[in-house]
Amino acid sequence: MRRTVNFLFRLLACSLIALPVSADETVPLFIPEPAASATTADSQAIPASRPIPFLENTTQIASLPIPEVDTLDQYPTVPAQTCQGGYWIVSSRGSVQSIHEACRGPWGLNVYQRLPSGQLVGSNISSMRASLDPNLPVCIFSHGSFVTWESQCRQAHALYQRMSACYGKHLQMVFFTWPSDGPKTYIPSIDVAVRARRADFNGFHFAYLISQVPESCPVTLMGHSHGVAIVLSALHLAGGGAIEGHYFPYSMGANRRYRAVLAAGAIDHNWLNPGQRYGCALNRLECLLNLRNRHDLALAFYPLSRPFAVRALARSGFTNRDYEQVGYNAGKIREVDVTAYLGVSHQWPDYFQQTAIVGTIVPYLNF
């Protein structure tokens, strides 16, 4: 009897702190972005590489051979290089963060360009689109929760330096930043639940960003923690799925090639299964890399984050039942265990400061 009472109390508490939000109206999405301002950041560099099979076209997806490797020790390294070039930062921090009429604010995205000189200048979506080489792939990264603008700028610059050094050629990279740092209630369970919902919604902003990349550019989408939810939310929309009862009204490129890299994924491990929250996401992917950390301390209590939550994807990986549920899409999934490199860490810098982890990611940029 006592166990039953304790369980019901926990269930009620979780329900109060993570009450789901629903929507039923249809809304127009995205108007031209407003003007933006500028900031600064620093740099680093580190290299590594490992090839994966080249896909001639998406008809090869179902039979894509995924290397049977669960350790990073085999990955070769190359000498460090100094990165020369620029990248883009696209921000939804000043944009609407709810689909509901009463909470609606301005649509559109603020855009910034990091010049080769290191200067960060305000720009716009049209300039970004015009600057991208339509014959080269594009990598788009989304950070996780509790990341400030200043921290995002520093991490973006450090990651770009490392990825460029490893990639060994011109890297077209875009960093997506969203209001993950505030406001805060300083009650961890509530703050995490609010950011999880916000990340889900930012899939619309992320989808719009993808839609502005030339369709001929293959795209690799990378996410960390709740940034994984943003990536998969956008891919779910690209696959014809709905988020909070709404569909994305613009084209994200009917023939575009997609790959995804998930780090410290703060989502239920079964959310990519058909009928689940991001059940349409795998349909648009050539391949997906999930970096699994079985000791991620921040995600240890993820199953208590809300009623009926299951283990986080980053800790459990895809289960046998998940592979069975996704069917032929299981052939697109590759998991690499990074526990030995990260221990209990959940932080993104700890991922990209590891040469072997960067070397695991970079081949997913080679289309």
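Side-chain atoms of Glu215 come within 3.5 Å of backbone N or O of Ala254 as a donor-acceptor pair. A donor-acceptor contact shorter than 3.5 Å links the side chain of Arg256 to the backbone of Ile210. The backbone N or O of Met128 sits less than 3.5 Å from a side-chain atom of Ser131, completing a donor-acceptor pair. Checked by atom type and distance alone, the side chain of Thr220 pairs as donor or acceptor with a backbone atom of Tyr364 at under 3.5 Å. In this structure, the side chain of His236 engages the main chain of Cys280 through a donor-acceptor pair within 3.5 Å. Formation of a donor-acceptor pair under 3.5 Å by the Ser95 side chain with backbone atoms of Gly108 is found in this model. With Ser92 contributing its side chain and His205 its backbone, the two residues share no donor-acceptor pair below 3.5 Å. Side-chain atoms of Ser316 come within 3.5 Å of backbone N or O of Ala312 as a donor-acceptor pair. In terms of modelled atom types and a separation under 3.5 Å, the side chain of Glu335 and the main chain of Leu289 share no donor-acceptor contact. A donor-acceptor pair is defined here as one N or O able to donate and one able to accept, closer than 3.5 Å; no such pair exists between the side chain of Ser145 and the backbone of Arg195.
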With side chain to side chain donor-acceptor pair (under 3.5 Å) as the test, would you mind laying out the steps for Thr177 and Arg93 before giving the verdict?
CA-CA 7 Å; Thr177 182; Arg93 289 175 180 265; 2.8 Å; yes
Does the side-chain contact (heavy atoms from CB on, under 4.5 Å) test come out yes or no for Trp271 and Leu313, once each step is laid out?
CA-CA 9 Å; Trp271 274 358; Leu313 179 63; over 6 Å; no
Show your reasoning for whether side chain to side chain donor-acceptor pair (under 3.5 Å) applies to Ser345 and Asp350.
CA-CA 7 Å; Ser345 178; Asp350 290 336; 2.5 Å; yes
Please determine whether side chain to side chain donor-acceptor pair (under 3.5 Å) holds for the pair Asn273 and Tyr323, giving the CA-CA distance in whole Å, both sets of side-chain angles, and the decisive distance to 0.1 Å.
CA-CA 8 Å; Asn273 297 355; Tyr323 281 115; over 6 Å; no
side-chain contact (heavy atoms from CB on, under 4.5 Å) assessment of Leu288 paired with Arg259
CA-CA 6 Å; Leu288 177 149; Arg259 293 177 180 177; over 6 Å; no
Under the side-chain contact (heavy atoms from CB on, under 4.5 Å) rule, what do Tyr278 and Ile243 come out as? Steps first, then yes or no, please.
CA-CA 9 Å; Tyr278 307 129; Ile243 298 294; 4.1 Å; yes
After noting the C-alpha distance and the side-chain angles of Asp191 and Thr185, does the key distance pass the side chain to side chain donor-acceptor pair (under 3.5 Å) rule?
CA-CA 6 Å; Asp191 287 336; Thr185 66; 2.9 Å; yes
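A pairwise comparison of heavy atoms in Tyr258 and Arg284 identifies CE1-NH2, 3.3 Å as the closest pair. Considering all non-hydrogen atoms of both residues, Ala309 and Tyr302 come closest at CB-O, 4.0 Å. Of all heavy-atom pairs between Leu297 and Arg315, the closest is N-NH1, 4.3 Å. Across Ala263 and Val228, no two heavy atoms sit closer than the pair O-CG2, 3.6 Å. Between Asp181 and Thr148 the shortest heavy-atom distance is OD2-CA, 3.7 Å. Closest heavy-atom contact between Ser216 and Pro134: OG-O, 2.6 Å.
Here Tyr87 and Phe175 bring their ring centres to under 6.0 angstrom of each other. Tyr160 and Trp88 have their aromatic ring centers separated by at least 6.0 angstrom.
Inspection of the His226 and Ser180 side chains reveals no N or O donor paired with an N or O acceptor under 3.5 Å.
The local environment of CZ in Arg321 is sparse, with at most 12 non-hydrogen atoms from other residues, nucleotides or ligands closer than 6.0 Å.
Ring orientation note: the planes of Trp178 and His143 are close to parallel, at an angle under 30° on the 30°/60° scale. Using a 30° and 60° split on the angle between ring planes, Phe248 and Phe204 fall in the tilted class, from 30° to 60°. Aromatic ring pairs are classed by plane angle as parallel below 30°, tilted from 30° to 60° and perpendicular above 60°; the pair Phe206 and Phe176 is perpendicular. Relative orientation of the His224 and Tyr351 rings is perpendicular, given thresholds of 30° and 60° on the angle between their planes.
Between Val338 and the options Asp296, Leu291, Thr360, a side-chain contact (heavy atoms from CB on, under 4.5 Å) holds for only Leu291.
A salt bridge is defined here as a Lys NZ or Arg NE, NH1 or NH2 lying under 4.0 Å from an Asp or Glu carboxylate O, and Arg257 with Glu286 meets this definition. Taking a cutoff of 4.0 Å between a charged side-chain nitrogen and a carboxylate oxygen, Asp268 and Arg277 do not qualify as a salt bridge.
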